[in-house]
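No experiment lies behind these values; they were computed from the predicted model shown. These numbers come from the heavy atoms of this one structure, side chains and all, not from hydrogens, waters or symmetry mates.
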Amino acid sequence: MANMVEDSQDDRLSKLPDDVLLNIVERLGIVDVARTTVLSRRWKQIPAILSKVVILAGSFEPKHEDWSKLTPDDIVRANTTVLEATRSILERRAGSLYPIHLLRMQFYLGDESILIGQTVANAIATQKVDSAEFTILTKVRKKCTKNELLIYGKQFMSFFDSCPNAFGGLARLTLENLRLGESGFPKIFSICKQLEFLSLYECDMGIKSLLEVEHPQLSELVIVCGRFERVDLKWVPKLTKLKFNVFRSRDDPFCLGYVPLLQTVSIINVAFTWHKMLKLSELLGNSAISNLSLDFKSEKIWVKPEGRRQLLPVFHKLRIVNWINIAEECDLTWTMFLLHGAPNLKELHILVRNHQCEMITGKRRELPVVCKEKDKGLEWEPSASDFKHHNLAELGIYGRFHAADKLVRFARDVVEAAVNLENIRLYKSPVCVRCKHMLKEWTFEETSWLSYEFSKEIPSHVRIHFPSLGQVF
């Protein structure tokens with residue numbers, strides 16, 4: 001591009017309207033955006049009119065296949081470059097009439113954090129910023145010790161207290177590896193008044209601590225691997241999405257208070273011997289969700305089948321259900337209880353596989369806390385043998401299909417109950433970044449054999465489809 005501009009007397013790119021030029025430049029990474037400023041006087045002004053400013057520490061890190069190989073010097077250099085880029089772009093925009101629709105920052109906790117935060121705070125105070133986002137990383141990304149969690153927690157609160165105006169203007173915040181004091185999260189919720197999205201990875205206030213959430217704007221909450229005994233969503237009037245990923249609580253991991261707009265709930269967990277069987281009617285009792293995803297990590301099932309009377313008040317608006325990573329040795333009949341309790345269900349997706357990347361394997365499998373019977377406690381009898389479901393239209397089945405008879409029986413049970421079912425879609429297992437090389441497209445022999453097996457049990461008016469790989473629910 002530089003050669004073209006230098007050698008050509010007719011620089012047609014530079015003559016493009018501002019909105020077209022911006023559309024091109026905003027598709028580039030921040031490093032390439034900076035390089036365009038040397039092309040001409042007009043290109044030099046581009047950073048001052050950007051509507052999206054995305055500055056990520058990852059853009060300045062060495063390209064390792066494994067991020068754990070990053071050295072402390074790599075991280076300091078990346079953070080320093082983030083600070084320089086933030087100052088260069090945001091300070092150059094002083095007095096600009098062009099608003100920033102999105103300001104997204106990713107950086108590490110460190111000496112540069114305060115300066116980055118203060119630069120962002122000044123931009124929020126002096127310019128129109130529609131949406132600002134922080135993703136704050138720690139030098140140790142996984143398997144932090146208790147002492148490291150405490151150190152990062154104190155470091156974060158010191159950073160937070162030094163630039164409250166930056167946090168007060170955030171719409172999205174992602175944190176990791178923090179153990180805060182009792183006042184930490186209440187202070188975050190009180191200062192971050194504009195917060196719409198909050199993601200916490202390995203963040204808590206100590207083992208078996210209680211997190212109480214009251215926030216007027218929060219619409220999406222993600223909690224991964226924290227050691228909370230319970231998260232109490234006391235008053236979150238705009239919450240629409242809740243995701244819980246791996247909880248250690250011996251009781252219900254969360255409690256729903258005033259959450260009138262909650263629509264989507266996703267729960268992921270590896271069940272150990274101390275985990276109770278969760279009753280969805282009790283766990284989700286103060287909501288009426290429309291989308292539910294439960295991921296069992298190919299280990300023990302941790303949901304207790306319930307009857308229609310218990311589930312109907314909670315699931316009368318339920319439209320989409322995903323049963324994910326059910327172990328291959330588990331019977332599937334028990335999943336039918338949800339059809340009985342969700343009369344308006346439209347789509348049902350089920351993934352059956354023993355996913356080696358997520359399962360407990362080797363010597364860990366013999367530990368006393370690991371459940372040996374993955375389907376223990378799943379006994380369920382339908383309340384009425386003549387039960388019919390009138391709204392289910394789509395059934396998606398994901399798996400390896402070397403236990404096709406089990407999946408065929410499950411599909412037959414669904415078809416017998418769902419009198420208006422139109423489509424059954426058979427997928428191979430979704431792509432996994434670590435084992436995707438094991439996957440292949442459907443062969444003609446596979447589709448012919450499965451079509452024959454399903455045709456023996458499934459009425460002809462239900463269409464069988466074989467979508468391509470890569471489709472993930």
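Between the side chains of Arg319 and Asn291, no donor N or O sits under 3.5 Å from an acceptor N or O. Side-chain atoms of Glu358 and Ser298 form no donor-acceptor pair, as typed in the model, at a separation below 3.5 Å. Side-chain N/O atoms of Asn122 and Thr119 include no donor and acceptor closer than 3.5 Å. Glu306 and Ser281 share a side-chain donor-acceptor pair at under 3.5 Å. Between the side chains of Asp331 and Thr333, at least one donor N or O sits under 3.5 Å from an acceptor N or O. At a cut-off of 3.5 Å, with distance as the only test, a side-chain donor of His101 or Asp130 sits close to an acceptor on the other residue. Using modelled atom types and a 3.5 Å distance limit, the side chains of His215 and Gln217 yield no donor-acceptor pair.
If you look at Phe315 and Phe337, their ring centroids are not closer than 6.0 Å. Ring pair Phe228/Phe254: centre-to-centre distance not below 6.0 Å.
Counting heavy-atom neighbours within 6.0 Å of Lys372 NZ, excluding the residue itself, gives a total above 12. More than 12 heavy atoms of other shown residues, nucleotides or ligands fall within 6.0 angstrom of atom NZ in Lys374.
Of the possible donor and acceptor atoms, none in the side chain of Gln127 sits under 3.5 Å from a partner among the backbone N and O of Ile124. Judged purely by atom type and a 3.5 angstrom limit, Glu148 uses its side chain to pair as donor or acceptor with the backbone of Thr145. Under a 3.5 Å cut-off, the side chain of Ser113 and the backbone N or O of Phe159 do not form any donor-acceptor pair. Of the possible polar contacts, one joining the Tyr152 side chain to the Val140 backbone as a donor-acceptor pair under 3.5 Å is found. Proximity of a side-chain donor or acceptor of Asn322 to a complementary backbone N or O of Leu294 within less than 3.5 Å is not detected. In this structure a side-chain-to-backbone donor-acceptor pair under 3.5 Å is present from Lys406 to Cys330. In this structure, the side chain of Asn79 does not engage the main chain of Glu112 through any donor-acceptor pair within 3.5 Å. Distance alone, capped at 3.5 Å, is enough to place a donor-acceptor pair between the Thr80 side chain and the Val76 backbone. Put simply, the side chain of His316 gets close to the backbone of Pro313: a donor and an acceptor are under 3.5 Å apart.
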*asked:* Before you tell me yes or no, could you show the steps for Leu137 and Gln106 under side chain to side chain contact (heavy atoms under 4.5 Å, CB included), namely the whole-Å CA-CA distance, both residues' side-chain angles and the distance that decides it to 0.1 Å?
replied: CA-CA 7 Å; Leu137 309 175; Gln106 181 203 63; 3.9 Å; yes

message: For Phe167 and Phe156: C-alpha separation, side-chain torsions, deciding distance, then whether ring-ring contact (aromatic ring centres under 6.0 Å, His included) applies.
response: CA-CA 12 Å; Phe167 284 91; Phe156 171 76; 5.8 Å; yes

Run Arg365 and Glu299 through salt bridge (charged side-chain N to carboxylate O under 4.0 Å, His left out) and show every step you take. CA-CA 11 Å; Arg365 181 101 236 145; Glu299 292 294 340; 2.8 Å; yes

Test log, rule side chain to side chain donor-acceptor pair (under 3.5 Å), inputs Glu176 and Thr138: CA-CA 7 Å; Glu176 67 178 21; Thr138 56; 3.2 Å; yes

ask   = Checking side chain to side chain contact (heavy atoms under 4.5 Å, CB included) for the pair Val246/Cys225: CA distance, chi angles, key distance, verdict?
value = CA-CA 5 Å; Val246 184; Cys225 297; 3.9 Å; yes

- [ ] Decide yes or no on side chain to side chain contact (heavy atoms under 4.5 Å, CB included) for Ile350 and Leu332, but give the supporting numbers first.
- [x] CA-CA 10 Å; Ile350 184 166; Leu332 300 178; 3.9 Å; yes

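Annotation: side-chain contact (heavy atoms from CB on, under 4.5 Å) contacts of Ala411 (sequence neighbours excluded): Leu395, Ile397, Ile424, Phe454, Ile458. With sequence neighbours excluded, the residues satisfying side-chain contact (heavy atoms from CB on, under 4.5 Å) with Asn420 are His390. In terms of the salt bridge (Lys or Arg N to Asp or Glu O under 4.0 Å) criterion, Lys388 has no residue partners (sequence neighbours excluded). With sequence neighbours left out, His465 forms a side-chain contact (heavy atoms from CB on, under 4.5 Å) with Asn423, Arg425, Arg463, Pro467.
Residue Gly117 comes nearest to Ala166 through the heavy atom pair O-CB, 3.3 Å, listed as atom of the first residue, atom of the second, then distance.
Counting heavy atoms from C-beta outward, Thr86 and Phe107 have side chains that stay 4.5 Å or more apart. Side chains of Lys300 and Val370 form no contact here, defined as non-hydrogen atoms less than 4.5 Å apart. Contact check for Leu292 versus Ile320: no side-chain heavy atoms found under the 4.5 Å cut-off. No side-chain heavy atom of Phe244 sits less than 4.5 Å from a side-chain heavy atom of Ile268. A 4.5 Å side-chain heavy-atom check between Ile100 and Leu90 finds at least one atom pair inside the cut-off. Looking at heavy atoms from C-beta onward, Leu312 lies in side-chain contact with Pro343 at the 4.5 angstrom threshold. Contact check for Leu109 versus Leu178: side-chain heavy atoms found under the 4.5 Å cut-off. For the pair Ser51 and Leu102, the minimum side-chain heavy-atom distance is 4.5 Å or more.
Between atom OG1 of residue Thr135 and atom OH of residue Tyr108 there is a gap of 11.5 Å, rounded to the nearest 0.5 Å. Atom-to-atom distance recorded for Ile89:CD1 and Leu103:CG is 9.5 Å, nearest 0.5 angstrom. Asn325 contributes atom CG, which lies 5.0 Å from atom CG of Leu351 (distance to the nearest 0.5 angstrom). Taking NZ of Lys297 as the reference point, atom CD1 of Ile360 lies at 11.0 Å (rounded to 0.5 Å).
Salt bridge annotation for Arg409-Asp413: absent, with no cationic side-chain nitrogen under 4.0 angstrom from a carboxylate oxygen. Glu328 has no carboxylate O lying under 4.0 Å from a charged side-chain N of Arg353, or vice versa, which leaves the two without a salt bridge.
Listed by first then second residue, pairs satisfying side-chain hydrogen bond (donor to acceptor under 3.5 Å, both in side chains) with a partner in residues 245-258 read Asp251-Lys276, Asp252-Lys276, not counting sequence neighbours.
The aromatic rings of Tyr427 and Tyr398 lie parallel to each other, with less than 30° between the two planes, well short of the 60° mark. Ring geometry for Trp302 versus Phe296: interplanar angle of 30 to 60°, hence tilted.
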Contacts table for residues 203-211: side-chain donor-acceptor under 3.5 angstrom, sequence neighbours left out:
residue	atom	partner	partner atom	Å
Asp204	OD1	Arg179	NE	2.7
Asp204	OD1	Arg179	NH2	3.4
Asp204	OD1	Gly206	N	3.0
Asp204	OD2	Arg179	NH2	3.2
Asp204	OD2	Arg227	N	3.3
Ser209	OG	Met205	N	3.3
Ser209	OG	Gly206	O	2.7

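The side-chain contact (heavy atoms from CB on, under 4.5 Å) test with Leu242 singles out one residue from Leu256, Leu284, Val231, Val236, and that residue is Leu256. Partner of Phe197 under the side-chain contact (heavy atoms from CB on, under 4.5 Å) criterion, chosen from Leu221, Thr174, Leu218: Thr174.
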